[in-house]
Amino acid sequence: MRVRERLVAGNWKMNGTLASARALIEGLRRELMPLTGVKVAVCPAFVHLRDVAALLSDMPVTRRICLGAQNLSPHPPGAHTGEVEGGMLKELGCRYVIVGHSERRREEGETDEIVAAKFARAHEVGLTPILCVGETLAERESGATEQVVARQLDAVLSGGAKVFAEAVIAYEPVWAIGTGRVAEPAQAQAVHAFLRRRLAGHDAGAAARARILYGGSVKAANAAALFAEADIDGALVGGASLDAAEFAAICHAAERQR
Ligand code: 13P
């Protein structure tokens with residue numbers, strides 16, 4: 001039996017309509033069998049959170065799916081036009097929030113400092129942050145993978161290692177996101193083990209408990225091999241999470257690998 005309960009989270013990104021978001025939850029209601037030892041979460045766009053929350057609250061308890069958001073403001077409530085504050089997400093029923101996704105780092109100019117502030121803010125309001133780290137193809141090819149993920153992790157750790165007690169890290173190599181090119185299980189495992197050792201340097205207990213998810217072209221066909229690795233505690237799934245049968249199959253693979 002594993003110490004860490006697996007987590008499979010679907011990052012829906014900026015996809016879908018209200019109708020397709022509802023259909024996806026209905027699909028999961030049909031496809032998802034009762035799961036033990038695996039937590040499942042979905043992270044819809046902000047504007048779909050409320051409807052999805054209502055549908056999830058109707059799911060049978062044995063198939064309970066948690067709600068997550070894809071981003072939050074680093075600030076407390078106040079004059080920040082167009083931003084969404086963590087407490088608002090909590091009020092809608094969110095349990096998780098993704099911080100530092102590579103698409104936001106790249107497209108929105110999110111620096112390590114901004115990501116650290118968002119991570120800290122998530123903790124303040126009682127959301128569990130899913131911290132994304134990962135290297136680009138150029139960084140991997142130049143042998144800088146460990147240096148990059150260490151820098152991204154350390155930026156957040158400097159806020160106090162205690163916050164990592166129930167935090168989640170997602171290793172998402174940028175070159176594997178949306179490309180169909182998945183990291184080899186051993187390649188991912190090596191980075192996961194590195195991240196856990198790095199965490200252990202700050203807080204050994206937190207390192208043993210922290211869940212480290214893999215993200216980047218995870219599908220039902222490759223999930224089991226990834227989950228077989230000792231430090232891969234689940235997945236952060238993009239494209240495949242938009243298909244109920246495919247996402248449910250990934251969740252079931254996580255359970256079989258318990
Ligand atoms: P894909 O699964 O579409 O590669 O996306 C991964 C991801 O970015 C999850 O956050």
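The structure presented is a predicted model; accordingly, all values stated were derived computationally and were not measured. Read the numbers this way: they start at 1 and go in the same order the structure lists the ligands and their atoms. In what follows, every heavy atom counts, from backbone to side chain, and hydrogens, waters and symmetry copies are set aside.
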Any non-hydrogen side-chain atom of V40 less than 4.5 Å from a side-chain atom of F247? yes
Contact between R198 and D154 at the side-chain level, heavy atoms closer than 4.5 Å - yes or no? yes
Would you sort out whether T36 and E255 count as a side chain to side chain donor-acceptor pair (under 3.5 Å), showing the intermediate values? CA-CA 7 Å; T36 31; E255 182 174 50; 2.9 Å; yes
Are L55 and E26 close enough that some pair of their side-chain heavy atoms sits under 4.5 Å apart? yes
Table please: side-chain donor-acceptor pairs of residues 179-191 below 3.5 Å, with sequence neighbours left out.
unit_1 : atom_1 : unit_2 : atom_2 : d
T179   : OG1    : W175   : O      : 2.9
T179   : OG1    : A176   : O      : 3.4
T179   : OG1    : R181   : N      : 3.1
Q187   : OE1    : E184   : N      : 2.9
Q189   : OE1    : D231   : N      : 2.8
Q189   : NE2    : D231   : OD2    : 2.8

Any N or O of E172 closer than 3.5 Å to N or O of ligand 1: yes
With no hydrogens and no angle check, do the side chains of E172 and H101 hold a donor and an acceptor under 3.5 Å apart? yes
May I ask you to check if ligand 1 and A240 share an N or O to N or O distance below 3.5 Å? no
Ligand-side contact atoms (ligand 1) for residue partner G178, heavy atom cut-off under 4.0 Å: 1 (P), 3 (O), 4 (O)
For S217, the ligand 1 atoms with a heavy-atom partner under 4.0 Å come out as 1 (P), 2 (O), 4 (O)
Residue pair Q152 / Y171, side-chain donor-acceptor N/O under 3.5 Å: no
With a 4.0 Å cut-off on heavy atoms, is K13 in contact with ligand 1? yes
Which ligand 1 atoms does L236 reach within 4.0 Å, using its non-hydrogen atoms? 9 (C), 10 (O)
Only heavy atoms of G216, strictly under 4.0 Å: list the atoms of ligand 1 that pass. 4 (O), 6 (C)
With nothing but distance in play, are any N or O atoms of G238 less than 3.5 Å from an N or O of ligand 1? yes
Of the backbone atoms (N, CA, C, O) and the side-chain heavy atoms from C-beta on, which set of A176 has a member under 4.0 Å from an atom of ligand 1: side chain, backbone, both, or neither? backbone
Within the 4.0 Å heavy-atom cut-off, what N11 brings close to ligand 1 is side chain
Is there a side-chain contact between H192 and E229 (heavy atoms, below 4.5 Å)? no
Under 3.5 Å: N/O of G239 near N/O of ligand 1: yes
